[in-house]
Q: 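Structure incoming, see below.
Labels below follow one simple rule: chain letters A, B, ... track the order of the sequence lines, proteins then strands, and each chain is numbered from 1.
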Amino acid sequence: MTTSNVRVRFAPSPTGPLHMGGVRTALYNYLFARAHGGKFLLRIEDTDQTRYVEGAEDYVREALTWCGIEIDEGVVAGGEFGPYRQSERNAFYREAVELLLVSGHAYLAFDTPEELDALRKQAELDKNVFQYDASSRGGLKNSMSLSEEEVEALIENETPYIVRFKTPDIAEDITFTDEIRGNVTISSAVVDDKVLVKADGLPTYHLANVVDDYGMEISHVIRGEEWLPSAPLHIMLYRAFGWDAPKFAHLSLILKPTGNGKLSKRDGDAGGFPVFPIEWKDPKTGNMASGYREHGYEPEAFLNMLLMLGWNPGDDREMFTLEEAAKVFSLDKVVKSSARFSPDKARWFNEQYLRQKPMAELVPALIEIAGLQGITLDERDAGVVLKLMLERVTFLHEILEAKWLFGAPKHEDFDEKMVRKKWKPETAGYMSDLKTMLASTTLFKADEIESRFKSHLEEKDLSFGQVLLPFRLALTGAGGGPSMFEFAEFLGLETTLERLDFGTSMIEKMKEEQ
RNA sequence: GGCCCGUUCGUCUAGGGGUUAGGACGCCAGGUUUUCAUCCUGGUAAGGGGGGUUGGAUUCCCCUACGGGCUACCA
């Protein structure tokens with residue numbers, strides 16, 4: 001399928017930052033569109049003005065951009081089916097709801113929220129459930145129960161009213177084929193007379209969603225599982241309008257790494273991992289919520305991790321670029337059950353991507369983040385540091401935590417335990433001999449240092465452990481790290497000797513204190 | 001409570017009526033390495049329970065348990 005009429009949409013509500021589950025939904029939509037040569041649209045569902053959050057729409061776009069998910073059509077991108085912000089589409093909804101009113105598929109309701117609330121509470125007390133539907137609407141204040149004159153009078157008095165969908169009086173089974181789950185059947189009896197238009201004149205999700213998906217010629221609705229129970233309502237709406245319904249695919253949710261429930265916006269920072277793609281600052285409270293970008297994740301790694309959380313290619317591959325995934329993505333390989341998010345796996349993906357990145361990208365990236373911490377690196381040094389450190393870190397910024405790379409270790413930087421275990425009374429003497437040997441090295445290159453070091457040990461009849469580890473300790477303060485010969489070359493002869501002196505005396509002092 | 005969806009190693013998953021139930025993460029062990037990592041090799045570990053259907057079920061059906069979702073003039 002190269003040219004097709006596949007059109008899918010990601011339709012977030014600008015009520016706050018998008019969390020990783022939302023990004024996954026966007027990703028699957030995007031991949032599905034790409035796999036079928038279709039279009040991926042971004043629609044903003046901002047029909048609830050009370051929940052509108054400043055900056056949320058920009059956040060969504062920035063997050064998608066960071067991930068590399070490109071929007072073919074929608075807000076900002078534009079397109080012939082606009083506008084793509086529901087708050088700007090009210091004329092469409094008014095027109096649509098008129099159709100339903102005329103055909104008797106919808107009616108006006110005058111009950112106040114308080115009245116309905118009271119009914120719900122009472123029903124609960126009676127161990128019942130109140131549902132606004134065929135069984136109850138006759139006894140409530142609406143255009144189905146009231147006479148035409150009464151209704152007109154209420155409207156005349158500017159009594160607030162809403163529009164409700166009229167579910168069938170006689171229950172019928174609504175069956176549809178979910179592209180992921182197969183046939184799903186739900187009785188119309190369990191869907192209530194949903195509100196289509198609120199008292200403020202704006203549509204609810206259900207109406208806007210159906211009208212827009214139809215109007216924007218959406219072919220496949222790929223959305224979260226939380227919409228599965230209202231899918232029959234949507235089907236009934238399409239029928240009431242006389243429109244062909246799109247195909248549906250409901251994605252399972254992402255669960256918390258531990259414990260129960262779906263991953264929520266609050267799980268992140270408490271659990272030590274982000275739930276948001278990029279950092280979010282709440283405009284009201286000023287609270288910050290961390291993002292994968294700021295944690296140092298490569299966008300490719302973050303996205304690959306999300307991709308594999310609920311989809312697989314049918315074989316053992318698990319590393320995919322967006323382009324590769326777009327070639328093989330299909331809904332029938334989407335897993336039905338919910339997946340628990342694993343921070344460990346996310347880290348692993350980052351390591352994989354970091355290690356396969358070209359130096360041409362890593363060098364400037366390291367120089368930039370080093371600069372933010374006041375560390376000046378030139379290209380040569382950045383390259384060497386990367387070579388030394390890349391396979392020892394999960395995130396690029398972790399390289400900067402090895403402060404000994406950029407300056408002599410301070411007192412508090414020394415690994416006390418290592419010093420206690422590996423620095424013997426005779427060690428300072430070995431270091432002094434080592435210094436003499438190093439000072440006489442004509443070509444201060446790793447290979448040269450290494451071979452001279454080895455013959456030096458032979459000469460003195462010493463082991464690697466007796467000399468090399470203390471050497472590392474003196475220069476870095478740490479018990480582990482990259483090749484000391486390469487590191488020494490990186491420092492240069494002069495700095496190496498300085499650090500050796502400095503470290504030796506520092507450690508000797510520490511030993512006295514112990 | 002009602003309705004809907006789901007259930008394979010600790011986690012993500014493959015497969016699918018006959019398999020030593022495969023891979024990945026994690027963890028453990030060994031090897032490589034001056035150390036720490038990387039890398040390599042190996043190991044650990046799984047179809048909730050009960051009924052059917054079948055010559056044979058992890059795979060198909062039912063029940064149950066458990067998990068998740070929905071049940072607003074929110075999306």
Q: Which heavy atom of A:Pro313 sits nearest to which heavy atom of A:Met308, and what is that distance?
A: CD-CE, 4.1 Å

Q: Whom does B:G42 pair with, Watson-Crick or G-U wobble, provided both distances fall under 3.5 Å?
A: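 By the stated definition (distances under 3.5 Å), B:C28 pairs with B:G42.
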
Q: Does A:Arg392 have a side-chain nitrogen or oxygen under 4.0 Å from the phosphate oxygens OP1 or OP2 of B:U38?
A: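 Checking B:U38 against A:Arg392, no side-chain N or O comes under 4.0 Å of OP1 or OP2.
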
Q: Which part of the nucleic acid, if any, lies within contact of A:Phe349, taking any heavy atom under 4.0 Å across all strands shown: a base, the sugar-phosphate backbone alone, or nothing?
A: nothing

Q: Hey, which sits more toward the 5' end of RNA chain B by its nearest nucleotide, A:Arg24 or A:Phe110?
A: A:Arg24

Q: Does B:U53 have a Watson-Crick or wobble mate here (both distances under 3.5 Å), and if so which one?
A: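 Because no pair has both required distances under 3.5 Å, B:U53 counts as unpaired.
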
Q: Looking only at side-chain atoms of A:Leu309, point me to the closest of B:A75, B:C5, B:C12.
A: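 Comparing B:A75, B:C5, B:C12 against the side chain of A:Leu309, the answer is B:C12.
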
Q: Toward the 5' end of RNA chain B, which comes first, A:Leu255 or A:Thr47, by nearest nucleotide?
A: A:Leu255

Q: What nucleic acid atoms does A:Lys336 come within less than 4.0 Å of, heavy atoms only: base, sugar-phosphate, or nothing?
A: sugar-phosphate

Q: By nearest atom, which of the nucleotides B:C73, B:G68, B:A37 is closest to the A:Glu391 side chain?
A: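 Shortest atom-to-atom distance from the side chain points to B:A37.
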
Q: Below 4.5 Å, heavy atoms only, C-beta onward: do A:Val334 and A:Leu251 meet side chain to side chain?
A: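 Counting from C-beta outward, A:Val334 and A:Leu251 do come under 4.5 Å.
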
Q: With respect to the side chain of A:Arg355, which nucleotide from B:A75, B:G68, B:U38 is positioned closest?
A: B:U38

Q: If pairing requires Watson-Crick or G-U wobble contacts with both distances under 3.5 Å, which nucleotide is the partner of B:A75?
A: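 When the pairing criteria are applied, nothing turns out to pair with B:A75, so the answer is none.
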
Q: Between A:Glu225 and A:Arg181, is there a salt bridge with N-O shorter than 4.0 Å?
A: yes

Q: What's the closest nucleotide to the side chain of A:Pro229 if the choices are B:U35, B:C5, B:G69?
A: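 Selected nucleotide (nearest to the side chain): B:G69.
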
Q: Which of the following nucleotides, B:G26, B:A14, B:G69, is nearest to the side chain of A:Trp348?
A: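 Nearest listed nucleotide: B:G26.
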
Q: Are any of the side-chain nitrogens in A:Arg85 or A:Glu45 under 4.0 Å away from the carboxylate oxygens of its partner?
A: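 Between A:Glu45 and A:Arg85 there is no salt bridge, as every charged N stays at least 4.0 Å from the carboxylate O atoms.
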
Q: Does the pair A:Glu324/A:Arg317 count as a salt bridge with the N-to-O cut at 4.0 Å?
A: no

Q: A:Trp227 has a side chain; which of B:G68, B:A75, B:A14 sits nearest to it?
A: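 Of the options given, the side chain of A:Trp227 lies nearest B:A75.
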
Q: When both hydrogen-bonding distances must be under 3.5 Å and the geometry is Watson-Crick or G-U wobble, what is B:U7 paired with, if anything?
A: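 Check on B:U7: paired to B:A65, both distances under 3.5 Å.
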
Q: From the options B:G69, B:C73, B:G6, select the nucleotide whose nearest atom is closest to the side chain of A:Ala199.
A: B:C73

